[in-house]
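Reminder, nothing fancy here: chain letters follow the sequence lines and each chain counts from 1.
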Amino acid sequence: MLEPKTHTRDEVGGGTKPTAGLFRELEARGLVQDTSNPDLGRLLDEESIVVYCGFDPTSDSLQLGNLVPLITLARFQRFGHRPIVVLGGGTGMIGDPSGRSDERNLLDEETIARNVAGQRSQFAKVLDFDSTENPAIMVNNADWLTKLDLIDFLRDVGKSFSINVMMSRESVKQRIAAQSGLSFTEFSYQILQAYDFFHLYNEYGCRLQVGGSDQYGNILAGVDYIRRKTGHDHGAAALTFPLVQSSTGEKLGKTAAGALWLDPERTSPYEWYQYWLNVSDADAVRYLKSFTFLELDEISEIESEFLKQPKERLAQRTLAREMTSLIHGLEQTQKAERASAALFNSHGSASGLAIDGAPEVTAPKDEVISGFNLLNALVRTGLAKSNSEAKRLMRQGSVSVNGIKVGADTGKSSIVAADLKDDGTCIIAVGRRRRAILRFSD
RNA sequence: GGGUCGGUGGGUGAGCGGCUAAUACCACCAGACUGUAAAUCUGGCGCCCGGAAGGGCUACGCAGGUUCGAAUCCUGCCCGGCCCA
């Protein structure tokens, strides 16, 4: 069987000179949508620059959707540039209209502070804040935005913004065209983001802002503002990456359970691993390029191997391993892999295998003597959200115990002692890809 | 401030007194086929009880009201679009 290689966190190049070829690399990985500076590639080869990307504190955990921006920053860092993470503690109180069809609900200060705190540690999983050469920096724009004086702001900053230009931004146009309304508050967002860029330009010499393609207008607002204020034509630049979608045009990370979170409390390493493992063939190689730090020629090798034997799913397994070890570390990755193997490869026997990390529910042993209700088991293991759903699944013949179907026609409605392996467990499955362990203890 | 149109399930969006837990599409889940893939076909998709038939509860911005019966009518409030000021 083909095994994906284990990838350890690679060596960040030392020295003040950047490693050349970053821009070409980003392009090859499908991570370049727009840039405001046609010479950006050369600039990145010649100078070690400071680059930033903003993150909205709309939740106390980052999610799958934040991964491309975050990993892109890490690519800059690995090529010798210096990344800044801007937590939008200030702008989060305003709400970015980009990509939204409705006015946002404003978050209160307390919530934002909690979210900022929650996200903080997650950045360190991907970025290096301790590098001696080019450590990443984290700042919160609340630190400067909340200090602004309204009159000064309108005089010094607002004067540089043309309403005509602001109105022509795609995010604004869409909201107006959709007749869904746009408050002055949200309309002002682009000025604040522009001001952020300007602030970072002054404080840290930050010359590039990266973001998703929906951020292009906001980023350009900053580029323009810096040009106006400093008179330098190419003082600051914009770079956006395309919105990463599945081959069927869907946003990533959509499951019945909701979004996929980086927080292991919300999305377990096993679920995270399984998500990537189940990526479709059409997407797997593309995701390897966009999401992992594997070298491109290494990915090409994986690809050709994968194309020869797609059913081995080398691309998916590599992807799952890379993504899980990036976010949850090697140990959790191995657990997830073992749990997956125990649940899926051994024809329903978990005995003797390390299954730590798999979804598992424990119940007292005497419950099984009288017969442990299957519906109960489905809900308890999280395989079904409600009794209704569990019944539905049973009716549809989706449920199996130890690999044996227990649909409505079999008449089996509970787990009995005979279903248990020697170690007191059984595997309960819904459909092809969702499985859990039920363990009975003394 | 005045007028007018609108606020429906995760999303878009029908319904406009009983036939409606609410059409359709998307997303999502499952069955068949497979490789824990895609495509395709099929079923499902508020919650609770039930093997099922069926029953109960909650839901169409919020709060009241009319009615045997309301997502649907009325009143007030909140929110949004458009027009006027």
Partner nucleotide of [N] by Watson-Crick or wobble geometry (both distances under 3.5 Å):
N      : value
B:rG46 : B:rC57
B:rA32 : B:rU40
B:rU4  : B:rG81

Between atom [atom1] in [X] and atom [atom2] in [N], what is the gap in whole Å?
X        : N      : atom1 : atom2 : value
A:Arg432 : B:rG35 : CZ    : P     : 11 Å
A:Arg286 : B:rA38 : CZ    : C1'   : 14 Å
A:Met394 : B:rG50 : CE    : C1'   : 14 Å
A:Leu307 : B:rG35 : CG    : C1'   : 15 Å
A:Phe306 : B:rA38 : CZ    : C1'   : 10 Å
A:Arg317 : B:rA37 : CZ    : P     : 14 Å
A:Leu288 : B:rA37 : CG    : P     : 18 Å

Inset, instruction - May I ask you to say whether A:Arg392 pairs ionically with A:Glu389, meaning some side-chain N is under 4.0 Å from a carboxylate O? - result: no

Legend entry - A:Lys405 side chain near B:rA32 phosphate (N/O to OP1/OP2, under 4.0 Å): yes

Inset, instruction - For B:rG35, take OP1 and OP2 only and decide whether either is under 4.0 Å from a side-chain N or O of A:Arg433. - result: no

Legend entry - From CD (A:Glu337) to CZ (A:Arg317), nearest 0.5 Å: 9.0 Å

Show the distances under 3.5 angstrom between N or O atoms of the protein and N or O atoms of nucleotides 43-47 of chain B.
from: B:rG43; atom 1: N2; to: A:Gln396; atom 2: OE1; distance (Å): 2.9
from: B:rG43; atom 1: N3; to: A:Gln396; atom 2: OE1; distance (Å): 3.3
from: B:rC47; atom 1: OP1; to: A:Ser386; atom 2: OG; distance (Å): 3.3
from: B:rC47; atom 1: OP2; to: A:Arg392; atom 2: NH2; distance (Å): 3.4

Side-chain donor-acceptor contacts of residues 152-159 of chain A below 3.5 Å, not counting sequence neighbours, with atom names and distances?
none

Inset, instruction - Report yes or no: do A:Gln274 and A:Ser340 form a side-chain donor-acceptor pair below 3.5 Å? - result: yes

Legend entry - Polar side chain donor-acceptor pair, A:Thr240 to A:Gln215, under 3.5 angstrom: no

Legend entry - Per A:Lys391 side chain, nearest of listed nucleotides B:rU36, B:rC49, B:rA37: B:rC49

Legend entry - With sequence neighbours excluded, residues passing side chain to side chain contact (heavy atoms under 4.5 Å, CB included) with A:Ala113: none

